[in-house]
Novice: 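One structure coming up, written as structure tokens, with questions to follow.
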Protein chains: 2
Amino acid sequence: MRAVKAPRVDCPVTAKALDSEWVERFPGLSRLEPETKELLLTRGKIVTMPQKAVIFGPGNSPENMLFLLDGTVRVQQVSETGHEIVLYRINAGESCVLTTACLLAYDDYSAEGIAETDVQAAAVPRQMFDDLVARSSSFRNFVFAAFSKRITDLFLIIDEVAFQRIDVRLAHKLVELAKGRDTISATHQMLSVELGTAREVISRQLQEFQRRKWVELSRGTIKILERNKLEGLAKRSD
Amino acid sequence: MRAVKAPRVDCPVTAKALDSEWVERFPGLSRLEPETKELLLTRGKIVTMPQKAVIFGPGNSPENMLFLLDGTVRVQQVSETGHEIVLYRINAGESCVLTTACLLAYDDYSAEGIAETDVQAAAVPRQMFDDLVARSSSFRNFVFAAFSKRITDLFLIIDEVAFQRIDVRLAHKLVELAKGRDTISATHQMLSVELGTAREVISRQLQEFQRRKWVELSRGTIKILERNKLEGLAKRSD
DNA sequence: TTGCGCTATGTGACTTTGTCACTGAGAGAC
DNA sequence: GTCTCTCAGTGACAAAGTCACATAGCGCAA
């Protein structure tokens, strides 16, 4: 049950030489007013964090808003019951504003952000963030769009957790995690956290998929044999 | 299963005489700069909606941001499966920014807002909202605090739906809905929507509570006999 | 190579929750 | 009264979660 915690690495914020072009990598930011860009570039610090670093978590409010340049951050909830569930991922080109904002406002939240890969991000101080929101209407759009996306995603998760069958959700998640490839490196335990369910449930469901020859299982990996079938099952949720 | 839909009343936005003091009723707004207040008061319109009005819903993006002056709005999700779940409520002194923002960004969302009582609200046009965010740092705080609150609430709901036992959740909800009084006017169907579960599940659980003499049931109402016991059970979630 | 220890996975019995297809009971309308 | 709604109760069953183990793969050290 109790998942193994990633070791708390305490965010070794390694400042690096300024990559003057990072702003351009954000679709929402590249259209900013030139002087706003200038501000971001001169005052934002580029930081890196190693894989498995806990970027934020209970009792660890971040000082800065992060804009992810490279890598992905997994945000997951740890329940008092010891259960875990993945809420969403932040990918390169997205920002943590939402989570960060929450953390700043409520420190009794229970979500944590973990670097799934080595991560490079631009850190923007709170004060400067506020400044940017005030000055730039495109920045406001960027921020509110990010909020909106996250919130609709959360709505979706609630819907899935509450009302979707586990076989449908698992099929969906397998296709998603495969990202077009045909093997997935993940333990049943990891998948159970993705869906907020029990490891045994995943094991049994995967066995059923294997029995139908949709997948082939081996220790730590899942090979997809019939993507179509999985997608067909998953479609009942979209 | 299929819950009865409230009739679509299409938001009869009844403009009323300007109540010049409404801004003061918002804890977060009363400390605004005088000129910001002035702007809100002169440009915001006061609107009223009758109980059961659908304030927003699928295919009905609101033009304006609403600040609730009186009454409460229930926001709930309607799943494709026909299931429903209450996500949160907006009370007097709170704003719909979050939901509104979502609706503006993604119109394929599936949440709807329903007036639980007659509702009075101040409507602020989108453009003006943006303006206020730009000008006033206290307004920004107000908005971001609202977002943060909602998001942490959503995190909580996910946790509950995924990991909490139904008896614990029901006990919790009963105490919450009682608001200190000792009788609740609600059908089992309504309670099942509150928790995103099935009516039968609620019925059975309530019967169990009645068997223990914690509550007394009658058509459409629940009388709480042993609030302490309910709270004791509910505490296992907080 | 063998055995050790760790982690991943398999399994059966059981509980809880959700589903389905009904039945019956109040309560207002006529 | 009787009709017609909505609300609540019920039993059989399916799906999902829990618990307590058993077993299996794999790296590694003796």
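Below, chains carry the letters A, B, ... as their sequence lines are ordered, and counting in each starts from 1.
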Novice: Rounding to an integer number of Å, can you tell me how far Leu191(B) CG sits from dT17(C) C1'?
Specialist: 17 Å
Novice: Check whether any side-chain N or O of His188(A) sits under 4.0 Å from OP1 or OP2 of dT9(C), and answer yes or no.
Specialist: yes
Novice: To the nearest angstrom, how far is Glu200(A) atom CD from dG12(C) atom P?
Specialist: 13 Å
Novice: Could you tell me the separation between the CD atom of Gln189(A) and the P atom of dT7(C), rounded to a whole number of Å?
Specialist: 12 Å
Novice: Whole angstroms only, please: what is the CZ-P distance between Arg169(B) and dG17(D)?
Specialist: 13 Å
Novice: Rounded to whole Å, please give me the gap between CZ in Arg165(A) and P in dT17(C).
Specialist: 18 Å
Novice: Check every strand shown and say whether Arg204(B) touches a base, only sugar-phosphate, or nothing at a heavy-atom separation below 4.0 Å.
Specialist: base
Novice: Starting at the 5' end of DNA chain C and moving along, which residue's nearest nucleotide shows up first, Gln210(A) or Arg219(B)?
Specialist: Gln210(A)
Novice: In whole angstrom, what separates Glu208(B)'s CD from dT17(C)'s P?
Specialist: 11 Å
Novice: For the side chain of Ile166(A), counting heavy atoms from C-beta on, which of dT6(D), dA8(D), dG17(D) is nearest?
Specialist: dG17(D)
Novice: Tell me the interatomic distance from Ile202(A), atom CD1, to dG17(D), atom P, rounded to whole angstroms.
Specialist: 8 Å
Novice: Could you label the plane-to-plane angle of the Phe163(A) and His83(B) rings as parallel, tilted or perpendicular, counting under 30° as parallel and over 60° as perpendicular?
Specialist: parallel
Novice: Before accepting this row, confirm whether a basic side-chain N of the pair Arg89(A)/Glu194(A) lies closer than 4.0 Å to the acidic partner's carboxylate O.
Specialist: yes
Novice: Does dG9(D) have its OP1 or OP2 closer than 4.0 Å to a side-chain nitrogen or oxygen of Gln207(B)?
Specialist: yes
Novice: Looking at His83(A), I'd like to know whether one of its side-chain N or O atoms comes within less than 4.0 Å of OP1 or OP2 on dT18(D).
Specialist: yes
Novice: Round to a whole Å and report the spacing from CD1 of Ile222(A) to P of dG10(C).
Specialist: 10 Å
Novice: Is any NZ, NE, NH1 or NH2 atom of the basic residue among Arg150(A) and Glu94(A) found under 4.0 Å from an Asp or Glu carboxylate oxygen of the other?
Specialist: yes
Novice: Below 3.5 Å, does any donor atom in the side chain of Arg199(A) face an acceptor in the base of dG17(D), or the other way round?
Specialist: no
Novice: If you measure from the Lys or Arg side-chain nitrogens to the Asp or Glu carboxylate oxygens, is any gap between Glu231(B) and Lys235(B) under 4.0 Å?
Specialist: no
Novice: Please determine if a side-chain N or O atom of Ser203(B) lies less than 4.0 Å away from the OP1 or OP2 oxygen of dA8(D).
Specialist: no
Novice: Which sits closer to the 5' end of DNA chain D, Ala162(B) or Ser218(B), going by the nucleotide each is nearest to?
Specialist: Ser218(B)
Novice: Ring-plane angle category for Trp214(A) and Phe209(A), please: parallel below 30°, perpendicular beyond 60°, tilted otherwise.
Specialist: parallel
